[in-house]
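Computed from a predicted model, the values in this text were never measured in an experiment. Heads up: numbering here begins at 1 and tracks the sequence.
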Amino acid sequence: MNEKNQTLVSEIVLLGFQNLHNFKIPLFSLFLLIYIMTVWENVLIIVLVSSSRNLQSPMYFFLQQLSLSDLLGSSNIVPTLLQTVIYDRATLSIVGCITQFYFFCSLEISDLLILAVMSYDRYVAICIPLRYTSIMNYSVCVKLILMSWLLGFDITVITVYLIGTLHFCDQNTINHFFCDLSPLLDLSCSDTFSLQIEVFVVSVPLVFIPFILIIVSYMCIAHAILKIVSNTGRQKAFSTCSSHLAVVSIFYGTLLSIYLFPSRKHSPAMSKVLSLLYTIVIPMVNPLIYSLRNKDLKEALNKKLNKLCKYTKI
C-alpha cells in the first residue's frame with residue numbers, strides 16, 4: 001500500500017467492550033475479582049510447592065511453572081482490560097502494544113510446551129513407573145522447563161521484530177481489549193504477507209507438535225490404565241492425570257476455536273468473549289482444577305494454615 005501522504009500513528013487505542021453503560025461497574029468488579037483470585041491461587045501454589053517437602057516431585061514442579069506462566073499472562077492483560085471497561089478505551093504506545101503482544105505470545109507458547117511436558121511426565125509415571133525417578137530426575141526437569149521458557153520467549157522475538165518494521169497509518173483503533181496479532185496486522189498500512197508466512201511457519205509446529213505429544217501420551221496412558229486389574233488401581237492412575245487432561249482440553253479448545261478457524265466466522269464480540277476465557281478465566285480455573293482433587297496440595301495447605309494459626313495464637 002502506498003504510504004505517502006499518510007500520517008504515521010504513534011499510539012494504539014484499544015476499544016475493549018463498548019456501550020456497557022450500567023454494566024461498567026459490575027463488569028469491572030467481576031474482572032478485578034477474577035484477577036485477585038488468579039493472583040492469590042497461583043501465588044499460593046508457587047509458595048506451597050516451594051516450601052512443602054511432600055510436593056518436591058516433578059509433577060508439582062511443572063505445576064508450579066504453569067502457575068507462574070498463568071500469573072504473568074493474566075497480569076499482562078488484565079490491567080488493560082480493566083482500563084477499557086471503566087474508560088471505554090485504553091491508549092498504548094506502539095512500543096507498549098507490541099511489548100504486550102510479545103509477552104502474551106511468549107507466555108502462551110510456554111504454556112503449550114509446559115502442558116506437553118506435564119503430559120510426558122504423567123506418561124512416564126503411569127506407563128514406565130519403575131524408571132520414573134531415573135528418567136524424570138531433577139536435571140531433566142529443569143532442562144525441560146528451561147527449554148519451554150526459552151523457546152517461548154526466543155521464537156516470539158522474530159515475530160515481534162517483523163511487527164516492529166510495519167508502519168501504522170491513519171487508523172489507530174483496535175476493537176479488542178489487548179494487542180493481539182490479527183488486529184495489529186489489520187491496522188498496518190504495510191505489506192504483511194511475509195509476516196503472515198513467518199507466523200504460519202512458526203506457529204503450526206509450535207501448536208501441533210505439543211498437541212500430538214499430549215494426544216499420544218494420553219493414548220498410551222489410557223492403554224496402560226485399561227491393563228490395570230483392580231478398580232482402585234485404575235481410579236488412582238486416572239486421578240493423577242484427569243486434572244491435567246481437563247486443563248489441556250479447555251486451553252486447546254479455546255485457543256483453536258479462535259486461531260485455527262478464520263476470524264470472520266466469529267463476530268468481534270464473540271472473539272473478545274473467547275479471548276476472555278484463555279486470558280483471564282483459564283489462569284483462575286487451572287489452580288482450582290488441580291487442587292480440588294489433589295490430596296497432597298490440600299494437606300500442604302492445611303499444614304501451612306495450622307502453622308499460621310499457631311503463630312497468631314503466640
Side-chain angles (χ1 to χ4, degrees), residues 1 3 6-21 23-24 27-28 31-32 34-35 72-109 156-196 198-200 202-203 254-283:
M1 186 181 291
E3 296 170 16
Q6 291 182 319
T7 304
L8 296 179
V9 300
S10 59
E11 292 182 335
I12 300 292
V13 178
L14 300 171
L15 299 180
F17 295 91
Q18 295 291 297
N19 304 317
L20 294 176
H21 303 301
F23 292 99
K24 275 187 180 183
L27 273 180
F28 179 87
F31 293 148
L32 181 60
I34 289 173
Y35 178 62
L72 294 174
S74 184
S75 298
N76 180 46
I77 301 296
V78 173
T80 308
L81 169 63
L82 294 176
Q83 194 175 345
T84 60
V85 170
I86 206 70
Y87 297 116
D88 291 326
R89 62 179 57 206
T91 303
L92 297 175
S93 65
I94 293 291
V95 173
C97 192
I98 294 174
T99 301
Q100 186 185 56
F101 169 74
Y102 170 71
F103 281 104
F104 163 73
C105 190
S106 300
L107 292 166
E108 291 299 305
I109 293 171
T156 315
V157 169
I158 303 170
T159 305
V160 167
Y161 171 76
L162 293 175
I163 294 174
T165 63
L166 300 177
H167 294 287
F168 299 91
C169 315
D170 299 331
Q171 294 295 324
N172 71 331
T173 57
I174 291 179
N175 189 15
H176 213 321
F177 60 85
F178 74 99
C179 294
D180 203 357
L181 180 62
S182 182
L184 277 172
L185 296 186
D186 292 339
L187 205 62
S188 174
C189 55
S190 303
D191 183 13
T192 61
F193 179 74
S194 60
L195 176 55
Q196 292 181 53
E198 184 272 337
V199 170
F200 178 80
V202 170
S203 61
T254 309
L255 205 63
L256 295 178
S257 67
I258 295 176
Y259 295 107
L260 183 64
F261 302 106
S263 58
R264 293 180 182 85
K265 290 188 177 182
H266 301 301
S267 66
M270 179 58 69
S271 295
K272 282 184 271 190
V273 170
L274 290 173
S275 297
L276 280 175
L277 288 177
Y278 71 84
T279 54
I280 71 164
V281 176
I282 288 178

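In plain terms, the two heavy atoms of Thr156 and Ser106 that are nearest each other are OG1-OG, 3.2 Å. The two residues Asp191 and Leu166 have their closest heavy-atom pair at O-CD2, 4.1 Å. Nearest heavy atoms, Ser74 versus Pro79: O-CD, 4.2 Å. Here the shortest heavy-atom pairing between Leu14 and His176 reads CB-O, 3.5 Å.
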- Task: Evaluate the side chain to side chain contact (heavy atoms under 4.5 Å, CB included) criterion for residues Leu27 and Leu20: first the C-alpha distance (whole Å), next the side-chain angles of each, then the deciding distance (0.1 Å), finally the verdict.
- Result: CA-CA 9 Å; Leu27 273 180; Leu20 294 176; 3.6 Å; yes

- Message: side chain to side chain contact (heavy atoms under 4.5 Å, CB included) for Leu276 and Phe17? Distances and angles first, verdict last.
- Response: CA-CA 11 Å; Leu276 280 175; Phe17 295 91; 3.5 Å; yes

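Summarising the geometry, atom OG1 belonging to Thr279 is positioned 9.0 Å from atom CZ belonging to Phe31; distances are rounded to the nearest 0.5 Å. If you take CZ on Arg89 and OG1 on Thr173, they are separated by 8.0 Å, rounding to the nearest 0.5 Å. Taking CD of Gln196 as the reference point, atom OG1 of Thr159 lies at 12.0 Å (rounded to 0.5 Å). Atom CD1 of Ile77 and atom CG of Leu107 lie 9.0 Å apart (nearest 0.5 Å). Going from atom CD1 of Ile12 over to atom CD1 of Ile174 covers 5.0 Å, rounded to the nearest 0.5 Å. With values rounded to the nearest 0.5 angstrom, Ser275 atom OG is found 11.0 Å from Met270 atom CE.
Between Val78 and Ile34 there is no side-chain heavy-atom pair separated by less than 4.5 Å. The shortest distance between side-chain heavy atoms of Ser10 and Phe168 does not fall below 4.5 Å.
In this structure, the side chain of Asp180 does not engage the main chain of Ser182 through any donor-acceptor pair within 3.5 Å. A side-chain donor-acceptor contact under 3.5 Å links Ser190 to the backbone of His167. In terms of modelled atom types and a separation under 3.5 Å, the side chain of Thr84 and the main chain of Leu81 share a donor-acceptor contact.
For the pair Lys272 and Phe177, the NZ or CZ position fails the cation-pi test of under 6.0 Å to the six-membered ring centre and within 45 degrees of the ring normal.
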Show the atom names and distances, to 0.1 Å, of all donor-acceptor pairs under 3.5 Å that link a side chain in residues 91-105 to residues at least two apart or in another chain.
from	atom 1	to	atom 2	distance (Å)
Ser93	OG	Gly96	N	2.9
Thr99	OG1	Val95	O	2.7
Gln100	OE1	Cys179	N	2.9
Gln100	NE2	Asn76	O	3.2
Gln100	NE2	Thr80	OG1	3.0
Tyr102	OH	Phe153	O	2.8

